Enquirer: 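This is the structure, below, for whatever I ask next.
Since we're looking at a predicted model, the values are computed, not measured.
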Amino acid sequence: MTTWRDGEPAPGPRPGPLGVGLGVLRGGALLCVTYGGLLALLALRLVERPVHGDNRPWTPHITQAVCRTSFRIMGIGYHIIGQPIDNIGAVVANHGSWLDIFALNACQRVYFVSKAEVADWPVIGWLARATGTVFIRRNRNDAKAQQALLGTRIRAGHRLLFFPEGTSTDGLRVQPFKSTLFAPFYDQGVAQDFRIQPITVIYRAPEGADARFYGWWGDMAFGSHFMKVLVTPRQGSVEVVFHAPVLVRDFLSRKDLTAYCEAQVRAALPYDATSLDL
């Protein structure tokens, strides 16, 4: 996978005492909600696993509640357009920020597919492991083993969520989707009625802020970006757009399916990054 890089936005003004205080309050509340939810999830999982095995019919409700509450704490508006699939299938979305994890978990029950490095991140990594995220390595030598793992999860009925760009961006554009991530959908054993649902995640910056305010990419440090969001008094919003799901069997190849999903995700972005004064 190749990391997308572009010029980072200029840093905003340094927060005053009120901004710092707001950041501390929001950060403390987020930690309480996140770790409280994690403890509740792990406790419930002790009962859920012996009864349901790898399936998780109960614990995702805790994940959704934590993510929705997190947006309220941060003051970020959260909107949903369309409906998530409620049958066997997978989800693909654009990737513009660490906030995607909250935005996409808050409205549906999915298992993320993420790069292996995320497992070691503080807070987010712990949450990812606890919620059943599938971690894949960027090493090409592991490609077949990774595809086999994904195929196993898919055949088990787990609704996986992929970021086919293979990298995060500034949230204003969609990079070309990698068709290799669609290969497991064509494995033998995958149900004939298996569906893929494209999703577009749209970020709108706070009034007067850089349009890329919520974007997180390249070598940007997580901690500083996280704090920048927390100390901002008046926030913007995030919108999750669910497109109509499609049957895998209706596409002759993974490249055809990849191109279709990429076009759907890109078409819903309300702006063209090349036309913005960045």
Side-chain angles (χ1 to χ4, degrees), residues 1-4 80-96 100 103-104 107-115 133-202 217 239-274:
M1 297 181 186
T2 302
T3 301
W4 182 80
I80 302 170
I81 296 178
Q83 293 290 330
I85 53 176
D86 58 2
N87 47 22
I88 184 170
V91 178
V92 296
N94 58 308
H95 189 19
D100 293 341
L104 293 166
C107 53
Q108 59 188 330
R109 296 166 60 182
V110 291
Y111 300 92
F112 279 73
V113 177
S114 176
K115 60 183 181 181
T133 295
V134 183
F135 297 106
I136 58 176
R137 300 185 182 277
R138 300 186 180 194
N139 191 335
R140 290 186 177 182
N141 294 329
D142 296 330
K144 288 187 177 180
Q146 306 289 355
Q147 288 187 13
L149 172 61
L150 295 175
T152 299
R153 295 288 294 265
I154 288 170
R155 288 189 293 273
H158 293 181
R159 189 177 305 148
L160 301 182
L161 189 151
F162 295 78
F163 292 121
E165 293 165 289
T167 183
S168 60
T169 69
D170 56 8
L172 304 183
R173 70 198 75 219
V174 175
Q175 291 295 99
F177 281 11
K178 301 182 183 301
S179 64
T180 52
L181 292 177
F182 289 75
F185 305 147
Y186 287 86
D187 284 352
Q188 291 184 354
V190 175
Q192 286 295 304
D193 60 346
F194 193 84
R195 289 173 167 79
I196 305 294
Q197 183 169 42
I199 295 178
T200 305
V201 183
I202 302 168
W217 70 93
E239 187 174 282
V240 179
V241 180
F242 288 95
H243 302 283
V246 294
L247 288 166
V248 171
R249 68 182 183 215
D250 289 340
F251 296 84
L252 294 178
S253 71
R254 59 185 170 89
K255 290 187 177 181
D256 292 336
L257 178 59
T258 301
Y260 175 84
C261 291
E262 180 185 326
Q264 290 294 300
V265 172
R266 179 178 284 110
L269 285 178
Y271 29 61
D272 177 3
T274 60

Enquirer: When rounded to the nearest 0.5 angstrom, what distance separates CG in Leu160 from OG1 in Thr133?
Expert: 10.0 Å
Enquirer: Quick check: closest heavy atoms across Leu181 and Pro164, and the distance to 0.1 Å?
Expert: CD1-CA, 3.6 Å
Enquirer: Please report the closest heavy-atom contact between Val265 and His243, naming both atoms and the distance.
Expert: CA-NE2, 4.1 Å
Enquirer: Give a yes or no on whether the backbone of Gln175 and the side-chain of Glu165 come within a donor-acceptor separation of less than 3.5 Å.
Expert: yes
Enquirer: Just verifying a value: how many Å separate Phe242 CZ and Ile80 CD1, rounded to the nearest 0.5 Å?
Expert: 6.0 Å
Enquirer: Strictly under 6.0 Å, is that where the ring centroids of Phe182 and Phe251 end up?
Expert: no
Enquirer: Going by heavy atoms in the side chains, are Tyr186 and Val248 under 4.5 Å from each other?
Expert: yes
Enquirer: Minimum heavy-atom separation for Pro84 and Cys107, please, with both atom names.
Expert: CG-O, 3.7 Å
Enquirer: Looking at Arg159 and Gln108, would you say the former's side chain and the latter's main chain have a donor-acceptor pair under 3.5 Å?
Expert: no
Enquirer: OG1/Thr169 to CZ/Phe163 distance, rounded to the nearest 0.5 angstrom?
Expert: 11.0 Å
Enquirer: What closest approach, in Å, do Val240 and Ala103 show between heavy atoms, and which atom pair accounts for it?
Expert: CG2-O, 3.8 Å
Enquirer: Could you tell me the separation between the CD1 atom of Ile199 and the SG atom of Cys261, rounded to the nearest 0.5 Å?
Expert: 10.5 Å
Enquirer: Which pairs, with at least one residue in residues 257-270 and sequence neighbours excluded, count as a side-chain hydrogen bond (donor to acceptor under 3.5 Å, both in side chains)?
Expert: Glu262-Arg266
Enquirer: How would you list all residue pairs meeting salt bridge (charged side-chain N to carboxylate O under 4.0 Å, His left out) that involve residues 246-258, not counting sequence neighbours?
Expert: none
Enquirer: Run the side-chain hydrogen bond (donor to acceptor under 3.5 Å, both in side chains) test against Asp100 and tell me which residues pass, sequence neighbours left out.
Expert: His95, Tyr203
Enquirer: Can you give me the closest heavy-atom contact between Ala93 and Leu104, atom names plus distance?
Expert: CB-CD1, 4.1 Å
Enquirer: Just verifying a value: how many Å separate Leu172 CG and Leu269 CG, rounded to the nearest 0.5 Å?
Expert: 8.0 Å
Enquirer: What distance do Ser168 atom OG and Trp217 atom CH2 have between them, rounded to the nearest 0.5 Å?
Expert: 9.0 Å
